[in-house]
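Here is the structure we will look at.
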Amino acid sequence: TREDLRFLRRRLRAEVDAGAIAPTRRDGFKEGDDRIGPNMYTVVDQHIKPLTQRAGRMSWALLRHPQGLPCHIFITHAWVEGAFEFIDKVVYAWPFGAVGAWCCAFANPQNL
């Protein structure tokens, strides 16, 4: 949902600030940057996978909504795209009345 993306944005920012999400050779993001952020490879490797592994290896979307949600939006993304920028653009463009969205990074179990 739009609110889930806002929640994720806040969590990612907090984890970057705490050093739990850190730059890698594949992603040299700037920790102080609040516009682009870590790329989706980094978000999945350093946030989504550990979180969902501890919770039983489901997708992030099912972790947030175990009963599932109706899907009104299909979202595609680039893996090297900054997560802050991606989330901000999706939240900004969210269609009125839409509830759920499908995005592979969040809808697919990443620990399989």
Side-chain angles (χ1 to χ4, degrees):
T1 68
R2 189 177 193 191
E3 290 309 312
D4 289 328
L5 289 175
R6 288 179 172 144
F7 169 82
L8 179 61
R9 174 73 156 80
R10 290 189 303 272
R11 289 298 316 137
L12 295 175
R13 176 77 262 167
E15 290 193 16
V16 168
D17 291 345
I21 296 177
T24 65
R25 277 191 226 161
R26 185 165 59 173
D27 182 8
F29 74 93
K30 307 293 185 236
E31 291 137 308
D33 170 46
D34 198 49
R35 193 172 67 84
I36 305 296
N39 71 33
M40 296 302 285
Y41 287 117
T42 300
V43 167
V44 167
D45 288 345
Q46 296 185 31
H47 178 73
I48 302 290
K49 281 184 176 180
L51 177 68
T52 59
Q53 178 71 32
R54 290 189 304 271
R57 299 178 57 179
M58 78 287 292
S59 69
W60 185 81
L62 284 177
L63 177 63
R64 298 285 298 166
H65 301 279
Q67 301 304 313
L69 291 171
C71 182
H72 299 109
I73 306 166
F74 177 88
I75 301 170
T76 188
H77 69 90
W79 282 94
V80 295
E81 179 176 23
F84 298 162
E85 181 178 39
F86 166 72
I87 292 169
D88 291 346
K89 287 181 178 183
V90 171
V91 165
Y92 177 80
W94 197 273
F96 179 77
V99 176
W102 188 95
C103 179
C104 66
F106 309 129
N108 291 334
Q110 297 294 332
N111 286 296
L112 298 181

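When reading the values below, keep in mind they use all heavy atoms of this one structure, side chains included, and skip hydrogens, waters and symmetry mates.
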Review point. Is any side-chain heavy atom of L69 closer than 4.5 Å to a side-chain heavy atom of W102?
Key: no

Point to revise | 4.5 Å side-chain heavy-atom contact, D88 and Y92 | key: no

Atom pair [atom1]/[atom2] of [X] and [Y] - distance to nearest 0.5 Å:
{"X": "E15", "Y": "R10", "atom1": "CD", "atom2": "CZ", "value": "13.0 Å"}
{"X": "M40", "Y": "F106", "atom1": "CE", "atom2": "CZ", "value": "4.0 Å"}
{"X": "T42", "Y": "H47", "atom1": "OG1", "atom2": "NE2", "value": "13.0 Å"}
{"X": "F29", "Y": "I21", "atom1": "CZ", "atom2": "CD1", "value": "7.0 Å"}

Indicate every side-chain donor-acceptor pair of residues 54-64 with a distance under 3.5 Å to a residue at least two apart or in another chain.
from, atom 1, to, atom 2, distance (Å)
R54, NH1, P50, O, 3.4
R57, NH2, N111, O, 2.9
S59, OG, L62, N, 3.0
S59, OG, A107, O, 3.4
R64, NE, D4, OD1, 3.0
R64, NH2, D4, OD1, 2.9

Practice item. Using atom types as modelled and distance alone, determine if a side-chain donor or acceptor of D27 lies under 3.5 Å from a backbone N or O of P38. Key: no

Check your understanding: Is the side chain of Q53 donor-acceptor paired with the backbone N or O of Q110 at a distance under 3.5 Å, no angle test?
Key -> no

Point to revise | Shared hydrophobic cluster, I36 / V80 (ILVMFWY, side-chain heavy atoms < 4.5 Å) | key: no

Point to revise | ILVMFWY cluster, L12 and L51 together (side-chain gap under 4.5 Å) | key: yes

Practice item. Under the side chain to side chain contact (heavy atoms under 4.5 Å, CB included) rule, what do R26 and D45 come out as? Steps first, then yes or no, please. Key: CA-CA 11 Å; R26 185 165 59 173; D45 288 345; 3.0 Å; yes

Review point. For T1 and H65, what are the C-alpha separation, side-chain angles and deciding distance, and is it a side chain to side chain contact (heavy atoms under 4.5 Å, CB included)?
Key: CA-CA 10 Å; T1 68; H65 301 279; 4.0 Å; yes

Practice item. Begin with the C-alpha distance, continue with both residues' side-chain angles, and end with the deciding distance and a verdict on side chain to side chain contact (heavy atoms under 4.5 Å, CB included) for F84 and D34. Key: CA-CA 7 Å; F84 298 162; D34 198 49; 4.0 Å; yes

Study note, to complete from the structure: Closest heavy-atom pair, V43 versus A83, reported as atoms and distance to 0.1 Å, is CG2-CB, 3.5 Å

Pairs of donor and acceptor atoms involving the side chains of residues 71-79, under 3.5 Å and at least two apart or interchain, shall be tabulated with distances.
from, atom 1, to, atom 2, distance (Å)
H72, ND1, V99, N, 2.9

